[in-house]
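Along the sequence shown, residues are numbered consecutively beginning with 1. Bear in mind that the values here come from a model prediction, so they are computed numbers and not experimental data.
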Amino acid sequence: MRVTSLGLVVLVALLLGAAPGPLHPGSSAATPAASLAFGDLDCGGGLGIGDAQKLARSLIGLAVTQGDGCPAMGEPVGIDGVERLWGDVDCGGSLGIGDAQKLARSLIGLQVTQGAGCPAIGAPVEIGPPAPLSPQELAARLHAATDTAQAEALLRRVYPELGVGLYTEDGQQILAGVETGPDDFYLYDAESELLARNYVERQLFGLHTATLFLEEAGVVDADSGQPLSDADVLSRLADGVAAARADESQFTWRLIDELGLVQEDPLDLAAAGLDPATTYLDSVQTFLVLYDMTLGLPVPAGASAEVLSAAGGPNARTQALHDYSLLAQGFVASVDPVAPTHWKHDASSVAEERTLEAQVSWVPGAQVTRGFTAGPLRLVAIPSALGAEPADVSWVSSGLLKNGAWKKLENSDRTGEIGDASIVFVPKTEPCPGKGSVQTETPTVFVIFVIQVKSAFFPHRSLGSISKVVKTGVEVSRHTAGGGASAGGPAPLAASGATSATDPSEGLPCAYEGHASATHDELGIGVVTYTTTASDLRFQLQPPDPAHPGGATYKLVQGTVTVQVTGEAGDCTISGGYTIAQPMDDGVHIFGGSIAVDPQNNRYAAAGGVADYEQHVFINCPDQPPVWLGTVGHLWVSTTNVPPLVPNRSFTPGDVLQGSFDTAGNPLGWTSHYEWSFEPILCEAGGPAGAASAPDLAQREAAGGGTC
C-alpha cells in the first residue's frame, strides 16, 4: 500500500458520490471484444477519477454504474489475450484499495508500480472474453479463491458448460442457459452467492445430503424402483468419475473429480473402499451431482431444461435443486482455531487441555432475506430464519484420540441457544515427562452438525436431516519415552560460553522465550506508521529436517501480537489496530514466526509475520463517514535483509539472542526498525527444567509406564 495525501483525499472525498447502478452490469460470457484504455473501468471511453472511485466503491460493496456490456469489477476478462481481473490495474492477481490508489496517482502524474508484463495505465488494450478453463484449472482456481466474489466469478464460468442460466431475483438475465421459459431450471444470483460462500468457507456435506435431495426430486433406482441409498449414490459417483477420466468431454463429472483431488486432504472418488458414512463433498460437488442426476444437462441449445410444470410452479426436480441451493447452503458451520498443545507432564495439570468451539448459524442479512418476483420462485420470500432446529453434533478424530480423550460439556452433543457447541480435548500424560525427542502431529478433527431443515416454500414440511461438516487441526506434541535425549530432540544443558556443538542435535536449548517489536513507516506525501509489539513469545525446538541436517529450527508456539496504525493524509487521519492472541493461520488472521540456528557456525536468524484481513483500520476525513483502509501484512521481527531463516547473525551459545535492525526505504516507500530479545530455555540432563523427580519416575515404571 502507498498512500498520498492528494490521491487519498480525492478518493475519500468522492467515494460515496456515484449513483447506484445494476448489481451485475455484465458477465465474462457476454463481454464483447473492444479496444479501451487500460484502467477505463466503467468503459466510458477515457480515464478519470470516476474509475478509481468506482473501484473503491465496489471494494466496500457499494453499487457502481458502468457502460453497457462492461465487465463487473473483479470479473476475469481477456486483456491483450491474457486473462486478468477487471480492476486489477497493477496485475497483482487480486483487487485492493492499492489498485484504486494507483489509478488515482497515475491521473496526477505520479509513478506507480505494476507487475511484470502489466499494461501501462492509459495504454490501449484489446478487451474480450477470457479463454475457457479446463475442469482441472477451474478446480484449482476455485480452491485458491479467498472470498465469495472470486469464487462466484469462477462459478459463472461453470454454468455455461452446464447449460444453466443465471438471473436476478426480478428475472433479469445475467447468463443465458438452455432454459426456454420461466419455469425451466436456472439459478438466481442469490443462490450462486450462497454456493460460492459455502465453497470458500470449506463447508462440507455428508453424502446423505445428496441422497436426501435426490429422494425429494423423485430419483429412484431403475431396477428396484426404490429411492437411492447412500451406498448407491457413492457407487454412481465412483462410476461417473471413472468414466470421466476416460472421456474428457464429460465436463460435469471431470469437475466433480478435480474438486475432490484439489482438497487439502485429496478425495479420490474412484478409489476402492470409500465409506459412505465418512465421504464428504464440498458445496459445488454436491450441486453438480444433484444437477446431473436430476436434470441430466447440458442438452442441445434451445431445448427445454427438463419437464415444465403443469401447474406453473416448480416441478419436483427443480424444487429439490432450489431447496438445496437455498436451504442447505443457507446455514454455515465454523470451528475456531485451537492453540497447539503437548502431552501432560503432570496428570493434575489442566494447562494442556484445549476447548474446541464450533457454531452453526444461518447466513444473515440480504444474502438470504430476499424476495423473488420472477420465475419458479416467484412470490416466495426467503425468511431470515429458515426453520432450523437445534443440531446434533459429533466430534470425529481417530488421530487426535490416539493422543488423549474427549471431555464432554453440556453443549457437546447438541447445539445451545445460539447454535454453539464445545468439547474439551484432554491430552495423555507422558510416561517419562520431558524425556526423549519431541514428536509433533496435527490430526484432523471433523465436526459434524446434523440439522432438521424445513422447506421455505412449504413451511410445514421438513426435508429431513442435513449434515454439515467442518474440520480443523489440533497440533499435539509429546516427548517420546526413552533413556535421555535422542538424536534430534532436546539435548543436555548448553552452558553460557560453551563452544558450538559439532552435532547440531547437541548443545541446543529446548526453546527460546522473549519479545520483539517493529515500527514500519510508510512514506508518501502522507505518513502511515505501523507499530507492532509481540510479547510472551515462545519458540519451540522442532524435529530435525533431513533436508537441512546442519541446522535447527524453533517454531513459534505461544505469544501475543498487537498492531497499532496511525497516520495522516492531508486533512484525513488514519487510525485503528488489532490483536492476535496466539499463533494461528486461518487465512484471515495470521501470526507466526521461526528462529533458525546454525550451531556449527554460531549463527542465527529470526523472522515473524502478522496480518489480519478484517476491517480494523479506517480513514477519517472531515464531514465524511469513516472508510476502511485495506491493511497489509508485515513482519514483527526480522534480523537481516537476507531472506528469512538464512542464519547469518552471530551469537554465543547459551546467551540471549538480542539486537536491532533497520531497513532503508524500499521502492514502495517503507522504512522499518526491529528490536528483539529471546532468552534460551536450557535443558536439564535427561529433560527440560521441571522434569519429574526420580520417585515420580519410579512410580510410573511400577505402574507399567516403561523404563525412562
Could I get the full list of side chain to side chain donor-acceptor pair (under 3.5 Å) partners for [X], not counting sequence neighbours?
{"X": "Ser192", "value": "Glu152, Tyr159"}
{"X": "Glu352", "value": "Ser349"}
{"X": "Thr579", "value": "Thr562"}

For the student: nearest non-hydrogen atoms of [X] and [Y], plus distance:
{"X": "Leu508", "Y": "Ala552", "result": "CD1-CB, 3.6 Å"}
{"X": "Leu154", "Y": "Leu142", "result": "CD1-N, 3.6 Å"}
{"X": "Asp571", "Y": "Pro622", "result": "O-CD, 3.4 Å"}
{"X": "Val393", "Y": "Trp395", "result": "CG1-NE1, 3.7 Å"}
{"X": "Pro76", "Y": "Ala153", "result": "CD-CB, 4.0 Å"}
{"X": "Phe449", "Y": "Thr415", "result": "CE2-CG2, 3.8 Å"}

Is there side-chain contact between [X] and [Y], with heavy atoms separated by less than 4.5 Å?
{"X": "Gln150", "Y": "Leu85", "answer": "no"}
{"X": "Thr440", "Y": "Gln540", "answer": "no"}
{"X": "Thr531", "Y": "Thr566", "answer": "no"}
{"X": "Val332", "Y": "Ser334", "answer": "no"}
{"X": "His634", "Y": "Val563", "answer": "yes"}
{"X": "Pro427", "Y": "His342", "answer": "no"}
{"X": "Gln203", "Y": "Val470", "answer": "yes"}
{"X": "Asp90", "Y": "Val112", "answer": "no"}

Check: [Y] main-chain N/O paired with [X] side-chain donor or acceptor under 3.5 Å:
{"X": "Thr663", "Y": "Ser672", "result": "yes"}
{"X": "Gln66", "Y": "Leu41", "result": "yes"}
{"X": "Arg649", "Y": "Thr639", "result": "yes"}
{"X": "Glu614", "Y": "Asp612", "result": "no"}
{"X": "Trp636", "Y": "Gly609", "result": "yes"}
{"X": "Asp51", "Y": "Asp42", "result": "yes"}
{"X": "Asn198", "Y": "Leu195", "result": "no"}
{"X": "Gln53", "Y": "Ile49", "result": "no"}
{"X": "Glu675", "Y": "Ala518", "result": "no"}
{"X": "Lys54", "Y": "Thr65", "result": "yes"}

[atom1]/[X] to [atom2]/[Y] distance, rounded to the nearest 0.5 angstrom?
{"X": "Gln564", "Y": "Ser575", "atom1": "CD", "atom2": "OG", "result": "8.0 Å"}
{"X": "Thr148", "Y": "Glu201", "atom1": "OG1", "atom2": "CD", "result": "6.5 Å"}
{"X": "Phe425", "Y": "Leu400", "atom1": "CZ", "atom2": "CG", "result": "4.0 Å"}
{"X": "Cys91", "Y": "Ile79", "atom1": "SG", "atom2": "CD1", "result": "7.0 Å"}
{"X": "Asp265", "Y": "Thr444", "atom1": "CG", "atom2": "OG1", "result": "5.0 Å"}
{"X": "Ile595", "Y": "Tyr604", "atom1": "CD1", "atom2": "OH", "result": "8.5 Å"}

State which residues pass side chain to side chain contact (heavy atoms under 4.5 Å, CB included) with [X]; sequence neighbours excluded, sorted by chain then number.
{"X": "Ser58", "answer": "Leu55, Met73"}
{"X": "Gln658", "answer": "Val656, Ser677"}
{"X": "Gln582", "answer": "Ala339"}

Taking salt bridge (Lys or Arg N to Asp or Glu O under 4.0 Å) as the definition, give me every residue that meets it alongside [X], ordered by chain and number, with sequence neighbours left out.
{"X": "Arg202", "answer": "Glu264"}
{"X": "Asp88", "answer": "none"}
{"X": "Arg538", "answer": "Glu513"}
{"X": "Glu353", "answer": "Lys344, Lys407"}

Set of residues satisfying ring-ring contact (aromatic ring centres under 6.0 Å, His included) with respect to Phe38, sequence neighbours excluded:
none
Counting only pairs under 3.5 Å, give me each side-chain donor-acceptor contact of residues 553-561, with atom names and distances, residues two or more places apart or in other chains.
from: Tyr554; atom 1: OH; to: Pro509; atom 2: O; distance (Å): 2.8
from: Lys555; atom 1: NZ; to: Glu475; atom 2: OE1; distance (Å): 3.1
from: Gln558; atom 1: NE2; to: Asp536; atom 2: O; distance (Å): 3.4
from: Gln558; atom 1: NE2; to: Asp536; atom 2: OD1; distance (Å): 2.9
from: Gln558; atom 1: NE2; to: Asp536; atom 2: OD2; distance (Å): 3.2

Anything under 30° is parallel, anything over 60° is perpendicular, the rest tilted; go ahead and classify Tyr674 against Phe661.
parallel
Trp86 vs Leu95, test: side-chain contact (heavy atoms from CB on, under 4.5 Å). Steps then yes/no.
CA-CA 8 Å; Trp86 192 248; Leu95 270 66; over 6 Å; no
Without hydrogens or angle criteria, can the side chains of His515 and Ser535 be said to hold a donor-acceptor pair below 3.5 Å?
no
In sequence, state the C-alpha distance, the side-chain angles, and the governing distance for Val438 and Leu541, and then conclude on side-chain contact (heavy atoms from CB on, under 4.5 Å).
CA-CA 8 Å; Val438 175; Leu541 181 65; over 6 Å; no
